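Structure first, then comments.
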Amino acid sequence: MVVSGAALSSPALRPARIDFSGGVPRSLDHDDIYHPKGGAQAQARHVFLQGNGLPQRWQGRRQFCILETGFGLGHNFLATWAAWQADPQRCDELHYVSLELHPPGPEDLLRAHEIARQDQDAPAGHEQRSRALVTAWPPLLSGLHTLEFTGHATSTDRGLGRVFLTLAFGDARHLLPKIVGRFDAFYLDGFAPKANPEMWDPWLLRGMARLAAPDATAATWSVAQPVREGLKAAGFAVEGAPGFGAKRDMTMAHFASLAPRRTPAGRPQGPWTGERRAVIVGAGLAGALAAQALAQRGWTCTVLDRASTPAQGASGNPAGLFHGVLHREDGVHARLHRHAALAAAGYYGPLIRSGTVPGGLDGLLAVRGEGSTADETDRLESQGLPGYAEGQTRTEASLLAQASLSGPALHFLQGGWVDPAAIVRQALASPGVRFQGNARVKALRAPVNDDPTWSLLDEAGRQLAHAPLVVLAAGGGLPVLAHDVGRDLSALGPQEVTRGQLTWFTCNSPLRRPVTGHGYAVALPDGRLLCGASQQPVDAQNQTDRLRQEDHSWNLARLHTLTGLFPAEGSTLGGRASWRVQTPDRLPLIGPAPRADLSPPVRRDQPRFIPRHPGLFIIGALGSRGLIWAPLASRLLCAWLDATPMPLEADLLDALDPCRWSVRQSRRAA
């Protein structure tokens with residue numbers, strides 16, 4: 001990443017500029033107030049909750065989904081969360097997606113919410129919810145950021161239900177077409193149409209029809225004629241209602257379109273309605289976290305693995321690193337890794353801080369420019385991204401690491417290390433999850449006739465388990481299983497199996513941060529310094545977990561080049577070898593499995609149009625980055641099954657889709 005004069009296509013956003021001097025917060029970007037003097041929370045309850053028939057409409061439901069155009073200072077979200085929390089008949093899960101071009105910083109959020117509390121506008125528990133929101137507030141980077149809250153902000157009792165807030169940071173005109181989901185209610189709350197015409201664009205409003213559930217409603221304080229006409233063009237029946245405060249009227253609407261709705265086969269067709277019982281193949285990170293996420297949503301899960309105990313593959317390493325990447329062009333690869341890394345930090349962070357699993361979340365240094373001249377190595381391609389990665393000169397990075405690093409570095413603020421085997425054990429100990437070892441799955445038998453269950457068979461054709469949902473997370477076993485299943489999974493495309501070996505030794509290491517570059521190093525709490533990992537394609541010479549001296553030598557040479565550290569003479573070397581599967585584009589395969597039967601012919605120009613097997617999901621080819629991909633994959637799995645809003649934009653879903661390779665083959669053939 002060290003270049004001369006290169007520019008980064010940055011996803012960083014300009015924070016909201018807010019004037020608090022007038023009593024009511026005012027946006028300097030749009031020259032308009034954030035809410036009326038009558039109170040932000042009171043307006044939210046009158047216009048958006050009552051205007052959408054809430055809380056009555058979410059009562060007794062498994063989930064309810066809301067889309068808001070304009071997060072502002074978060075008052076509508078906090079009011080909705082408060083109403084949901086106070087309702088004994090609330091839905092199990094509340095999903096709230098909100099668009100915002102200029103998000104506020106956490107300090108401005110706290111200040112605005114304190115004003116609401118002092119005005120006695122906020123309900124009981126407002127301060128608690130506000131602080132939970134500010135604590136979880138993500139870096140101000142474009143894209144989707146999903147935050148999860150339990151029924152009470154400080155509770156860990158999953159039985160209280162959960163609230164999912166997805167902040168869609170960026171221009172609504174670009175983001176709205178990429179959102180994947182079905183929404184039961186719409187909060188239309190951008191600044192006034194004259195101050196912020198882009199948010200009320202008729203084309204944008206018409207785009208809501210694609211996202212509207214059959215019984216969807218919408219509400220806004222605006223009565224502008226273009227707004228009402230835009231809603232009508234989107235298929236909503238519009239009516240007026242008494243307004244709030246100084247506004248005499250407001251607008252309410254319900255979705256009344258009779259146009260046929262066609263959802264692509266590669267998108268959720270609707271919430272899972274069958275028996276909530278699943279079999280997960282693979283007891284590594286991907287399989288364990290998938291089982292845990294399903295169990296938290298009421299599924300009964302059996303996890304099969306060929307080994308007698310869990311985490312015997314790469315997930316059994318004593319430590320692994322998690323961090324994002326930064327590219328000159330903020331393309332699909334960089335965006336996906338950023339999403340995954342932030343999701344990983346959000347998942348591992350509470351477990352590390354509570355002492356549940358060993359690890360560190362104090363940041364990670366990614367060394368760049370190794371071997372460059374002194375002048376070049378002190379220039380980074382970018383100074384990083386606020387809240388995500390900071391550029392450090394070689395001197396600064398070495399001081400932070402307490403080691404002589406070989407070049408400048410990016411300090412990934414939410415990166416770190418964790419014990420993956422401890423994560424696996426913690427996840428598999430979840431209620432509703434059962435581990436079954438010594439279970440070598442050789443084949444799958446698809447559902448037949450009226451039986452909706454998949455059967456998993458061993459080498460002798462005996463049934464190991466059966467369930468209506470199967471998740472293939474078999475790591476290195478996935479290519480073999482895909483080959484044996486037949487042409488349906490052969491569409492997964494090329495996969496490379498590589499062997500990686502770690503090295504460790506006991507020393508009094510000065511290293512204070514995990515370091516990565518061409519190789520990596522991390523100091524463990526037990527006094528070992530771990531480094532690695534060698535990587536070679538698997539062939540007849542290295543199909544063994546026996547440790548190889550040449551790999552130890554490579555790891556130690558890389559350690560010395562990267563950090564200046566080396567084991568003392570006579571040190572005993574330990575290590576571990578494991579196998580990883582990756583795709584040529586270095587992105588995993590996450591999504592529902594393709595179906596080979598394509599009669600009648602279907603569109604093959606986009607992965608989302610390829611038919612899928614009901615009840616068969618793939619989480620595979622995570623490569624050496626299983627720690628960052630596994631939490632995101634489990635979120636995607638649950639969103640798919642429950643048909644809740646996806647935590648990724650549509651183009652990023654396509655980039656992970658297991659069908660992408662067959663689409664590429666079709667394009668080449670054409």
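Atoms considered below: every heavy atom in the structure, side chains included; atoms not considered: hydrogens, waters and symmetry mates. This is a predicted model, so every value here is computed, not measured.
Here W629 and H337 bring their ring centres to under 6.0 angstrom of each other.
Annotation: side chain of W454 is not in contact with side chain of P468 (no heavy-atom distance under 4.5 Å).
Note: H518 and W554 have perpendicular aromatic rings, judged against thresholds of 30 and 60 degrees for the angle between ring planes. Ring pair F322/Y348 is tilted by interplanar angle, where 30° to 60° counts as tilted. Taking the six-membered ring where the residue is Trp, Y388 and F412 present perpendicular rings, their angle passing 60° and hence far from 30°.
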Begin with the C-alpha distance, continue with both residues' side-chain angles, and end with the deciding distance and a verdict on salt bridge (Lys or Arg N to Asp or Glu O under 4.0 Å) for D330 and R338. CA-CA 10 Å; D330 194 46; R338 183 166 65 248; 2.8 Å; yes
Trace of the side-chain contact (heavy atoms from CB on, under 4.5 Å) decision for S571 with T506: CA-CA 7 Å; S571 295; T506 300; over 6 Å; no
In sequence, state the C-alpha distance, the side-chain angles, and the governing distance for R612 and D657, and then conclude on salt bridge (Lys or Arg N to Asp or Glu O under 4.0 Å). CA-CA 11 Å; R612 310 303 168 109; D657 198 310; 2.8 Å; yes
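Partners of E459 under the salt bridge (Lys or Arg N to Asp or Glu O under 4.0 Å) rule, at least two apart in sequence or in another chain, do not exist in this structure. Residues passing the salt bridge (Lys or Arg N to Asp or Glu O under 4.0 Å) test with D642 are R276, sequence neighbours excluded. Taking the salt bridge (Lys or Arg N to Asp or Glu O under 4.0 Å) definition, one finds that D458 meets it with R462, sequence neighbours left out. In this view, R440 satisfies the salt bridge (Lys or Arg N to Asp or Glu O under 4.0 Å) rule with no residue, not counting sequence neighbours. Applying the side-chain contact (heavy atoms from CB on, under 4.5 Å) test to T309 and every residue at least two apart in sequence or in another chain returns Q312. Considering only residues two or more places apart in sequence or on other chains, W137 meets the ring pair (Phe, Tyr, Trp, His ring centres under 6.0 Å) condition with F71, F169.
Across all their heavy atoms, A295 and C301 have their closest contact at N-SG, 4.2 Å. The nearest pair of heavy atoms linking V367 to G407 is CG1-N, 3.7 Å. Closest approach of A283 and V424 over heavy atoms only: O-CG1, 3.5 Å. Across all their heavy atoms, A403 and L511 have their closest contact at CB-CD1, 3.8 Å. Of all non-hydrogen atoms in A577 and L547, the two that sit nearest each other are N-CD2, 4.0 Å. Shortest non-hydrogen contact noted between A311 and R576 is O-NH2, 3.9 Å.
Separating the CG atom in L627 from the CH2 atom in W417 is a distance of 11.0 Å, to the nearest 0.5 Å. The distance from the OG1 atom of T300 to the CZ atom of R434 is 10.5 Å, given to the nearest 0.5 Å. Atom-to-atom distance recorded for D651:CG and L656:CG is 10.0 Å, nearest 0.5 angstrom. A distance of 12.0 Å separates CG of L342 from CG of L144, quoted to the nearest 0.5 Å.
Within a 6.0 Å radius of CZ in R586, more than 12 heavy atoms belonging to other residues, nucleotides or ligands are found.
Side chain to side chain, T503 and H552 meet the donor-acceptor criterion of an N or O pair below 3.5 Å. In this structure, a donor-acceptor pair under 3.5 Å is absent between the side chains of T583 and Q495. Remark: the Y347 side chain and the Q292 side chain contain an N/O donor-acceptor pair separated by less than 3.5 Å. A donor atom on one side chain and an acceptor atom on the other are not found under 3.5 Å apart for Q414 and H323. Side-chain atoms of T146 and T166 form a donor-acceptor pair, as typed in the model, at a separation below 3.5 Å.
Salt-bridge check for D362 with R512: failed, with every basic side-chain N at 4.0 Å or more from each acidic carboxylate O. With respect to R580 and E496, no salt bridge is recorded, no charged nitrogen being found less than 4.0 Å from a carboxylate O.
Each of V281, L637, L616 was checked for a side chain to side chain contact (heavy atoms under 4.5 Å, CB included) with V471, and the lone residue meeting it is L637.
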